[in-house]
Amino acid sequence: MPFEKVESSPDFPAMERRILKFWAEQDIFEKRKQLNAGKPKWSFLDGPITANNPMGVHHAWGRTYKDAYNRYFAMTGHDLRYQQGFDCQGLWVEVEVEKELKLRSKRDIEELVPGNVEASIDKFVHACKDRVNKFARVQTDQSIRLGMWMNWDTTDADWAKSPDERKSYFTMSETNNYTIWAFLKKCFAKKLIYRGYDVMPWCGRCGVGISEQEMKEGYKLVEHRACFVKLPLLDKPGENLLVWTTTPWTLTSNVGAAINPKLTYLKVKLKGEVYYLAKGVFKQDRMASSGGDEEGESTAKKGKREWLDGVPNLSSIEQMFKSKAGKGESYEIVGEVKGEEMLGWRYAGPFDELPAQQSEYGFPEEVAKIVQQNGWCPAVTGAAAHRVVSGGDDVSESEGTGIVHTAPGCGGIDFAWGKANGLPPVAPIGDDGCFHKGFGALEGKNAADPTTADAVFEELKKKDRLFGVERYVHRYPHCWRCKTELLYRLVDEWFISMGAAFDPANPQSPPGGYSFRAEIAKVTNEVTFLPESLNGRAREKDWLKNMGDWMISKKRYWGLSLPIWVDEKDPTDFEVIGSREELKERAIEGWTEFDGHTPHRPWVDKIVLKNPRTGNKMHRVPDVGNPWLDAGIVAFSTLPADWRPADFITESFPGQFRNWFYALLALSTMMSDGQPPFKTLLGFATALDQYGQTMSKTGGNSIEFVAAADDGGTVADAKGTPLPFKAIGADVMRWLYCRQNPASNLLFGPKPADEVRAKFHLKLWNCYSFFVNYAIADGFDPAAAQVPVKDRPDIDRWILSDLQELIRTARAAFERFDVMAFALAAEEFVDAKLSNWYVRRNRDRFWSKNAELDAAGLRDKLAAYQTMHTVLTTLCRLIAPCVPFFAEVLWQNLKAPGRPSRGFESVHLTDYPTVDESLVDAQLSDDTDALLTIVTLGGAARNAAKQKVRQPLAELRVYADADAARRAVNRFAEQITDELNVKAVTLVEAKPLRSTAKINMKTAGSKIGAKKKDVEEALKAADPDALAVKLRGGPVDLAGVLLDSADIAIEYVAADGWAGVVDRGTQVAIDARLTPELRAEGLSRDVIRFVQDARKNAGLDLSDKIVLSLSASSPELAAAIRTHREAIAAAVQATEWVEGPLPSAAHTAAVKVDGLELTIALQKV
RNA sequence: GCGGGUAUAGCUCAGUUGGCUAGAGCGCAGCUCUGAUAAAGCUGAGGUCCUUGGUUCAAAUCCAAGUACCCGCACCA
């Protein structure tokens, strides 16, 4: 028996698990690799997956692309690397490990082994490594379950090896880390590495600076309390500057007040005191969105500011003055002053009594030291430095008072203004986000804590410096990992200069010459970004243009150890080490302890070098590296030179233009002197839940991969109610991903999965099961000699021809990384062509009994089997890259075991199909398309005639403009009459339908008015068909009235007794009149239908013969049965027809045939 | 504010280089076939292809402006 019976309701996940076993046992993947060994290379570079948690379904999207394209290029004869990668290092992992170990701060980490920081770090780093190994293995198993063919590490022995020796790559491997060292050394050689002191966003919980890239991820709309503060002018008693801030804690570190010299400032008098503020802000509507602050552009297009529900609207500053004035009183504008006149005015700071304000060069001491060394300000204390400085155009009237509270230790631009004006920075908070000593009552308080703001307000009130407090809503950055509010903090971090072009004010940028940014941009021009609609190149270049220098340091534990060693006495003298060998050569202390360890903390920290210039010792900076260095180097650390550049990479694009794509381009540019790391990049969007909401664990609407693949689970609906769902399986997911437009977000969930399964998998399955079950019954031998295609009927040659077109589409689509185009075409083929036409039309050929067929009949039947076998096996190979399990299940049963040359072990060992041009018959395809249209129209005509298909009708008339349709009527007459149950089909030369035009008074009434009669006359005179054509072009003049297509309805009417429909140039009319003969035949068909139902209900098998008894009281029905007795008996396989009642064991049914009673009794013979 | 993208049926989306009366799935209404298939099929209703202007014999498609939404960048004192 060549085929095995096919179950009608398949359990796809269970089949997939069986196939996985089969692949493993038969070493199919190995065999595929051997087939391709030495063939042309196709180099895929995997973007590393973060090995920190089990996979979610969103991971499966990219991994489906990766596997599908890999498989396509394998089936087209390419040698592949099959190396997959894990992203291992960085804060992601640290945060999870902290949770596991219940640690709450960096101090907790350093106290893991009480009293021993070094042992603590070692323990923590090992915990991080363990977590990575654990989840890398989980993800490996899950990826295998998805059907992803890679060189996986599967055994305990594999996982016992070091990451460097495993098959997958790991960014924590020594190779990866040391390759980054080599990269940094090259940067150092070009003098791009520098140590920067700057105010950066800082996460107090994680104790790290947040780089520009990371900060983008964390903006959230939040409410803060903003305050207006009085700064009394020292030389103008009774007069104050009015400043505004959303971060009250920074007032402790106020050193200056910045104004815009070009602006005009008002002097507003209130209760005997004078306040200075910008003229433009005084009456401003502060709820209008910022921007458009130029005069004249005011009201027209101002949107409303983003705001939170429940927070009162901001009042204008004037309003505040009014309400502070009290009843019956008012403020008074007593003068104006140009901003430039205010420069240099001295004022009393809000917290001048704090010790921190009394420190020369700034505070704390470390900062003061650096400020002094760099000569950023004279020997002056914060308290003594308070004065009005220029902020230039950075001070605007769009927000606040036009006078900006300036704390150079607490804000990016403040720091720049401070340096420009010689103001000492006072830095109030430590790496935990809490106030240093020197800040009085605030010492130890966390700056982000709302009670800190309370304390500040209390202090200000005591001193009568608080003008007002308000609730304020704005977008504020948060830590992308732990969601803590970020604080701006003066830090000491390491940077790669991206070229000075965009920040001339930054004195630390190296002068002239090499611009890393520009070099990367050149490389970016050489790679292809897909899908085109995303304009990936433009996005990448936009990022390159705007990005600041790359902050590569993190004050953390688990990550790349930055290979930077600094002179113990001179913090500006440092060196970058480029390899393990160089380190060994240069080490004067610590090598023995380090040797045998990976280049991670704490062991690498033990190495001490000697400064060749000073003879001093050099120690490594404690920082670890930015994890995008880890992922960005992989084009070099993992791809051998003869596999570079990669042909293809694919990753979810949101964020990656500034992360992975950027890092790959940047590191490759430096490592290879301007060679691109890859040729083609396919970006894809984000997976959302089935209602279009972002998937999140807390929202309950994210789906874990294992749940989707095998286990089932629950997922929240649109209202958040958890609903159970059954396992979806890998291939339903994979097809869902393959058919998706990569540029748009994908809606994932049980509902879309059900749709896809019904639309594609089950349709194909049904065709396959139909074929196989009849092939078994008929003993079809796939090895039998082929009936020449030219001898097969039209319908066979048609589907083979369209199959070639599908192959053409498939190859073209894969070659341009557009698997969606293929998937949609394949669905169309399976649904419209294979299932709904070929199989439906050919059921008779498969049903026919061999014994009743002559030689020609047998040959025709064989042709049908061979055609369908070819279609199904070719489809298997076409879809194999997308749905490898499903294709394999079908293939295993369909492949021709009788013919060893084609009896491949696995569909994945076959070649991808190629187009056989000799099978393409374009005219046949056109004619069949026309046939399908005619049949559809015929069905519609039947609907219009209100005659069901079982009722035979006399004639169908077709009028057609198009040649293909005319040919189809003649060529496929038999199929048309059969499909539509008509006795004849005629191609007519005159249109069978009369068209009439009617006025739609509902829309046209008002236009026509009194001219109704004239218009009706004109309408009668006009040729409705010509009118219809004109209307398509635009409004038409009828008796002086302009009417458009909505005003005139063109209706098509058939002759009496007929019904018809029209589509484009084709008209179809059906004779709806029933003769007594047709009526009788229709009744007999109904009878057959009911008897078949009865057979089914009696539990009879397809091949069972019966004894039948039919009794009808209606003479009409009885006569119809008599007339068609032979046909009924044949259809229901009655070998004996009894007039009287059957024995009691018989199955009986009483039914109504078109209202006439019929009793059916039947018994198995 | 600067740059990019998108806008097609109630919803989710296809629509090649411009080509005849714009499609699918879901939902809705009506109907129907069936011994492969109710996890089905057919038919219908439902469209200002965002708006306006332009190019063209011809525009959902190309161009310009506008509107809305999304993304990136900048700003966020």
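Chain A is the first sequence line, chain B the second, and so forth, proteins listed ahead of strands; every chain is numbered from 1.
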Participant: Strictly by Watson-Crick or wobble contacts shorter than 3.5 Å, is anything paired with U12(B), and which nucleotide is it?
Facilitator: A24(B)
Participant: Please name the nucleotide paired to U61(B) by Watson-Crick or G-U wobble geometry with both distances under 3.5 Å, or report none.
Facilitator: none
Participant: Within the structure shown, what part of the strands sits under 4.0 Å from Gln1092(A) by heavy-atom distance: base, sugar-phosphate, or nothing?
Facilitator: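 Counting heavy atoms under 4.0 Å across all strands, the contact made by Gln1092(A) includes a base.
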Participant: Taking the P atom of each, how far is G5(B) from G10(B), in whole Å?
Facilitator: 27 Å
Participant: I'd like to know if the side chain of Asp831(A) and the backbone of Glu827(A) have a donor-acceptor N/O pair within less than 3.5 Å.
Facilitator: no
Participant: Base, sugar-phosphate alone, or nothing: which one does Asn836(A) contact when heavy atoms must sit under 4.0 Å apart?
Facilitator: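 Sugar-phosphate, backbone atoms only, no base.
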Participant: Find the partner of G72(B): check Watson-Crick (N1-N3 plus N6-O4 or O6-N4) and G-U wobble (N1-O2, O6-N3) distances, both under 3.5 Å, and reply none if neither fits.
Facilitator: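 G72(B) is paired, partner C2(B).
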Participant: With a non-hydrogen cut-off below 4.0 angstrom, is Ser744(A) in contact with a base, only sugar-phosphate, or nothing?
Facilitator: sugar-phosphate
Participant: For A59(B) versus C49(B), give the span between their P atoms, rounded off to a whole number of Å.
Facilitator: 12 Å
Participant: Within the structure shown, what part of the strands sits under 4.0 Å from Asn773(A) by heavy-atom distance: base, sugar-phosphate, or nothing?
Facilitator: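 The residue Asn773(A) makes no contact with any strand.
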Participant: By the definition ring pair (Phe, Tyr, Trp, His ring centres under 6.0 Å), identify the one residue from Tyr774(A), Tyr838(A), Tyr865(A), Phe780(A) that meets it with Phe846(A).
Facilitator: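 For Phe846(A), the ring pair (Phe, Tyr, Trp, His ring centres under 6.0 Å) check succeeds only for Tyr865(A).
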Participant: Look at all strands and tell whether Arg1095(A) reaches a base, only sugar-phosphate, or nothing, counting heavy atoms closer than 4.0 Å.
Facilitator: base
Participant: Quick check, are the ring centers of Phe760(A) and Trp735(A) under 6.0 angstrom apart?
Facilitator: yes
Participant: Which is true for Arg942(A) with a 4.0 Å heavy-atom rule: it touches a base, it touches only sugar-phosphate, or it touches nothing?
Facilitator: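 Nothing, no heavy atom under 4.0 Å.
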Participant: Across the strands shown, which category fits Phe657(A) at heavy-atom distances under 4.0 angstrom: base, sugar-phosphate, nothing?
Facilitator: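 Counting heavy atoms under 4.0 Å across all strands, no contact is made by Phe657(A).
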Participant: Quick one: on RNA chain B, does Asp1093(A) or Gln740(A) contact a more 5' nucleotide (nearest heavy atom)?
Facilitator: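 Between the two, 5'-proximity favours Gln740(A).
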Participant: Is the phosphate of A36(B), meaning OP1 or OP2, less than 4.0 Å from a side-chain N or O of Tyr774(A)?
Facilitator: yes
Participant: Check this one for me: any side-chain N or O of Thr246(A) less than 4.0 Å away from OP1 or OP2 of A77(B)?
Facilitator: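 Yes, because at least one side-chain N or O of Thr246(A) sits under 4.0 Å from OP1 or OP2 of A77(B).
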Participant: Within the 4.5 Å heavy-atom criterion, are Val243(A) and Thr406(A) side-chain neighbours or not?
Facilitator: no
Participant: Can you identify which nucleotide, out of C73(B), U34(B), C26(B), has its nearest atom closest to the Lys751(A) side chain?
Facilitator: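 Closest nucleotide to the Lys751(A) side chain: C26(B).
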Participant: Any strand is fair game: report the nucleotide pairing with U37(B) by Watson-Crick or G-U wobble, both distances under 3.5 Å, or none.
Facilitator: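 Its partner is none (no Watson-Crick or G-U wobble pair with both distances under 3.5 Å).
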Participant: Heavy atoms from C-beta onward define the side chain here; which of A14(B), G35(B), A36(B) lies closest to that of Arg1089(A)?
Facilitator: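 From the listed options, G35(B) comes nearest.
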Participant: Under 4.0 Å from OP1 or OP2 of A14(B): is there any side-chain N or O of Asn741(A) that close?
Facilitator: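 It does, given that an N or O in the side chain of Asn741(A) lies less than 4.0 Å from OP1 or OP2 of A14(B).
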Participant: What's the closest nucleotide to the side chain of Leu824(A) if the choices are A14(B), G25(B), U6(B)?
Facilitator: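 Shortest atom-to-atom distance from the side chain points to A14(B).
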Participant: In terms of the nearest nucleotide of RNA chain B, which residue is placed more toward the 5' end: Leu746(A) or Val949(A)?
Facilitator: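 Nearest nucleotide further toward 5': that of Leu746(A).
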Participant: Output the single nucleotide from C73(B), A40(B), G15(B) whose closest atom is nearest the side chain of Met820(A).
Facilitator: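 Looking only at heavy atoms from C-beta outward on Met820(A), the closest nucleotide is G15(B).
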Participant: Within the structure shown, what part of the strands sits under 4.0 Å from Trp847(A) by heavy-atom distance: base, sugar-phosphate, or nothing?
Facilitator: sugar-phosphate
Participant: Would you please confirm or rule out a distance under 4.0 Å between OP1 or OP2 of A39(B) and any side-chain N or O of Lys726(A)?
Facilitator: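 Answer no for this pair, as no side-chain N or O of Lys726(A) is under 4.0 Å from OP1 or OP2.
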Participant: Quick one: is U16(B) close enough that its OP1 or OP2 comes under 4.0 Å of any side-chain N or O from Arg816(A)?
Facilitator: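 Looking at the OP1 and OP2 atoms of U16(B), neither is under 4.0 Å from any side-chain N or O of Arg816(A).
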Participant: Could you verify whether a donor N or O on one side chain and an acceptor N or O on the other, from Tyr488(A) and Asp414(A), lie under 3.5 Å apart?
Facilitator: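 Note: Tyr488(A) and Asp414(A) side chains miss the donor-acceptor criterion.
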Participant: Minimum heavy-atom separation for Thr524(A) and Arg537(A), please, with both atom names.
Facilitator: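 Of all heavy-atom pairs spanning Thr524(A) and Arg537(A), the closest is O-NE, 3.2 Å.
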Participant: Of the nucleotides A77(B), C73(B), A40(B), which has the atom closest to the Trp543(A) side chain?
Facilitator: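 Nearest nucleotide to the side chain: C73(B).
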Participant: Would you say Arg843(A) reaches U37(B)'s phosphate, i.e. side-chain N/O to OP1/OP2 under 4.0 Å?
Facilitator: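 Looking at the OP1 and OP2 atoms of U37(B), neither is under 4.0 Å from any side-chain N or O of Arg843(A).
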Participant: Give a yes or no on whether a salt bridge exists between Asp754(A) and Arg757(A), defined as a side-chain N under 4.0 angstrom from a carboxylate O.
Facilitator: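 Salt bridge: yes.
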Participant: For G46(B), what is the paired nucleotide under Watson-Crick or G-U wobble rules, both distances under 3.5 Å?
Facilitator: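 Pair assignment: G46(B) / none.
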Participant: Roughly how far apart, to the nearest Å, are A14(B) and A60(B) at atom C1'?
Facilitator: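 Those two atoms are separated by 12 Å.
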